[in-house]
Amino acid sequence: MNAAVMLSALMAAPDAGGSGFDIGRMMAIIFAAVFVNNFVLSRFLGICPFLGVSKQLDSAIGMGAAVIFVLAMAALGCWVVYYLLLVPMGLGYLSTLTFILIIAALVQLVEMILLKYSPGLYRALGIYLPLITTNCAVLGVAVLNIGERYSLGESIVNAIAAGIGFTLALILMAGLRQKLEMADVPPALQGKPIAFLIAGIMSIAFLGFAGMGG
Amino acid sequence: MAEMLKLGLVLMVVSLVAAVALGLVNRQTAPVIAVQQEMAKQAAMTVVAANLSPGDSLAFDSIEVEGLENPYASVNSSLRVVRVTVPPDPQGIGYLFIAYGKGYSSTIQTMVAVDAAGVVAGTTILFQSETPGLGANVTEPGKLIDRLNGITASEAVLTKDGGDIDAMTGCTITSRAVVNSVRAGMDAMDQAGLFSGAAPVDAAHEEAAAEAPPVPEREMAADSALEPAREGGPL
Amino acid sequence: MSLMKDFTNGLFNENPIFRLTLGTCPFLAVTTSVENAIGMGAAAMFVLVCSNFLVSLLRNLIPSEVRIPCYIVIIAAFVTLVDMVMAAYTPDLHKALGIFIPLIVVNCIILGRAEGFANRNPVLNSVIDGIGMGIGFTLAMLLLATFREILGNGTWLNINILGDAYTNQPLLIAILAPGAFILLGFILGVFNIMGNRKGGRR
């Protein structure tokens with residue numbers, strides 16, 4: 001018997017598309033994405049905006065909100081397109097291409113919405129708004145959801161939790177960097193180096209969450 | 001309006017060319033990938049089941065078992081089990097299953113071979129993405145998984161949890177994931193009566209398994225979803 | 001010799017990691033071992049060179065308003081190509097790099113060079129720029145990976161350097177997430193010192 005068939009039969013893989021809404025599993029996903037495997041401090045996704053926008057608290061919160069929205073919509077869109085379009089047609093290998101196009105379109109949409117309803121935030125975010133397209137976290141979450149075979153509900157929860165984790169790291173960093181402006185940083189470490197060192201220490205702190213939440 | 005259409009058209013043309021080019025490459029690489037995965041899976045199954053009957057060539061049949069709970073995934077699927085036989089004897093000498101344990105930074109897949117009495121005959125880690133240098137060492141022979149050979153389900157407990165198996169230094173989470181997931185699978189099989197010594201599967205299922213692979217539609221989706229499985233596993 | 005300048009640009013003056021701070025996500029994630037770093041560097045360089053080539057070739061054909069999505073499609077196509085080829089012919093490396101292979105698409109270096117160089121320079125210059133940036137990226141990763149693997153595992157390219165005593169109790173944090181941040185911070189600090197000294201002399 002074909003071993004591939006054998007082993008795919010062996011794999012008790014979560015049936016993608018299953019509607020099992022297990023609150024315990026959801027809580028585990030949320031806790032893991034926000035604390036245990038924080039997307040920025042542990043998985044290294046979303047570093048560019050993390051460094052770029054974390055200089056001030058207001059823009060950090062605004063950026064976080066925008067990213068959470070894009071993450072949730074992208075997770076939804078990519079999951080639906082993948083399982084309802086690509087897989088049935090045997091086009092799984094086009095996933096990277098379609099995902100990034102979906103994300104680019106979503107970011108364009110968010111830009112238009114912000115420009116119309118919140119031009120202040122639009123200006124504050126500046127170049128970093130279109131850069132959400134190249135935010136590793138957005139594409140990363142979409143790919144992760146497929147890899148972990150999450151159902152649609154789990155994918156969206158994972159995406160929102162990832163966004164919350166990202167925003168949390170961003171806000172913490174912004175707060176620290178605002179304080180840092182008064183501190184006496186050695187000239188060699190001013191700017192990016194000290195930011196990375198702080199991120200490293202924050203990462204150590206988050207390591208303490210390891211193993212919690214099952 | 002015409003401007004937007006023209007822009008949209010350019011984008012569409014570029015995308016189509018890209019998609020077609022990728023389709024051609026896929027034609028080339030997909031069979032290679034499939035062959036490789038096939039070989040890896042065969043190798044894993046043969047290695048793990050070897051202890052069940054050393055020196056004999058084995059046959060693997062996927063079986064459906066009534067009342068077999070799935071302790072791992074979401075509510076819908078049941079635990080898949082493969083029965084090992086030494087042809088031409090149809091009597092099973094053991095079973096193979098994959099245990100899924102939520103480790104530190106990944107879901108660890110452990111393939112386990114158990115004999116008909118419920119004693120572990122062999123294990124191998126199919127997939128893990130744990131911390132390099134720590135949990136990732138679980139794949140090394142001589143560490144955790146070898147310790148699992150020869151134990152029954154009730155003995156698969158870490159010392160930290162009251163049993164006899166020592167966790168690897170500094171990787172309690174990884175160790176616990178592997179051990180507990182193996183125990184969960186074996187417990188489920190025990191509850192379904194697989195370890196009573198007699199063949200548990202009814203004849204109808206057996207014939208169906210022998211004739212054609214019982215692959216429900218979900219399996220097909222899962223199969224072609226195997227390619228981009230990043231964290232979930234290589235299979 | 002402007003071609004030479006385009007090449008060395010990516011190595012030092014505009015090193016993508018240390019000067020432009022682009023592409024930090026894969027840089028930090030993949031440098032747990034030298035082997036992975038080289039693999040990722042090679043993959044990223046391939047995509048960078050190919051996309052620079054194509055973008056430069058088509059620079060007069062793609063209308064400006066829709067250029068970013070088109071570049072993204074081109075880059076994504078090459079990334080998928082690399083993904084499939086690696087899955088078929090280098091499965092172990094493919095598994096080790098995992099999610100970061102499709103993430104090459106959003107590696108800011110590649111889109112950055114397409115938008116900032118390839119779309120306004122001839123094909124040969126763009127290819128050379130791609131090679132230079134790619135080598136610069138790979139060398140940077142090699143540097144960090146060397147630190148992380150030796151400190152965190154006692155090995156270099158899986159060759160045991162510091163002996164068994166060290167390998168049993170290494171400085172594990174170097175190979176964990178915080179180590180990447182901290183080591184990069186110090187490396188950037190050193191680069192700052194070097195840059196300041198040069199500036200001071202002039």
Side-chain angles (χ1 to χ4, degrees), chain A residues 37-48 50-52 93-101 103-105 107-108 130-144 146-147 185-207 210, chain C residues 18-19 21-31 68-84 87 98-112 172-173 176-197:
Chain A
N37 272 325
N38 183 287
F39 268 67
V40 179
L41 299 173
S42 185
R43 290 200 201 247
F44 301 118
L45 298 175
I47 304 263
C48 295
F50 175 67
L51 288 179
Y93 57 88
L94 287 184
S95 59
T96 309
L97 192 54
T98 38
F99 286 4
I100 194 67
L101 282 176
I103 294 171
V107 172
Q108 193 69 23
L131 279 185
I132 296 182
T133 312
T134 54
N135 185 334
C136 309
V138 186
L139 183 60
V141 165
V143 174
L144 272 171
I146 305 295
V185 181
L189 292 181
Q190 275 170 8
K192 297 223 177 67
I194 195 73
F196 275 112
L197 290 175
I198 294 178
I201 298 179
M202 277 168 62
S203 179
I204 297 180
F206 272 72
L207 270 184
Chain C
F18 297 132
R19 288 261 160 236
T21 327
L22 296 175
T24 33
C25 298
F27 176 71
L28 292 170
V30 152
T31 43
I68 299 284
C70 284
Y71 298 166
I72 289 180
V73 169
I74 293 174
I75 297 172
F78 282 118
V79 168
T80 310
L81 195 127
V82 164
D83 193 3
M84 292 198 278
I99 193 183
F100 284 94
I101 298 181
L103 282 184
I104 297 179
V105 176
V106 290
N107 187 328
C108 309
I109 300 177
I110 305 183
L111 192 60
L172 211 49
I173 199 160
L176 295 176
F181 285 114
I182 295 176
L183 284 169
L184 179 59
F186 281 128
I187 294 179
L188 285 176
V190 168
F191 268 79
N192 264 358
I193 295 180
M194 287 176 11
N196 288 345
R197 267 217 210 116

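By convention in this document, chain letters (A, B, ...) are assigned in the order of the sequence lines, proteins followed by strands, and residues within each chain are numbered from 1. None of these values were measured; they are calculated from a predicted model.
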Spacing of [X] atom [atom1] and [Y] atom [atom2] [to the nearest 0.5 Å]:
X      : Y      : atom1 : atom2 : answer
C/L188 : A/I194 : CG    : CD1   : 11.5 Å
A/R43  : C/F100 : CZ    : CZ    : 9.0 Å
C/I193 : A/L189 : CD1   : CG    : 7.5 Å
C/I173 : A/S203 : CD1   : OG    : 8.0 Å
C/I75  : A/L97  : CD1   : CG    : 11.5 Å
C/L111 : A/L131 : CG    : CG    : 8.5 Å

Below 6.0 angstrom between ring centroids: does that apply to C/F181 and A/F44?
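Yes - the distance between ring centres of C/F181 and A/F44 falls below the 6.0 Å cut-off.
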Between A/A195, A/S42, A/G140, A/G191, the one whose heavy-atom pairs under 4.5 Å with chain C are most numerous:
A/G140
Quick check on the interface: out of A/I103, A/L94, A/T134, who has the most heavy-atom pairs with chain C under 4.5 Å?
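It is A/T134.
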C/T24 vs A/F196 side-chain heavy atoms within contact, under 4.5 Å
yes
Whatever's closer than 4.5 Å to a heavy atom in chain C on A/Q108 counts as neither
Please state whether the side chain, the backbone, both or neither of [X] comes within less than 4.5 Å of a heavy atom of chain A.
X      : value
C/V73  : both
C/A29  : both
C/I182 : both

Shortest non-hydrogen contact between C/C25 and A/C136, atoms and distance
SG-SG, 3.0 Å
Mind listing the closest non-hydrogen atom pair of A/T133 and C/V106 along with its distance?
O-CG1, 3.7 Å
Taking C/G179, C/P178, C/A76, C/G185 one by one, which has the highest count of heavy-atom pairs under 4.5 Å against chain A?
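Top option by heavy-atom pairs under 4.5 Å: C/P178.
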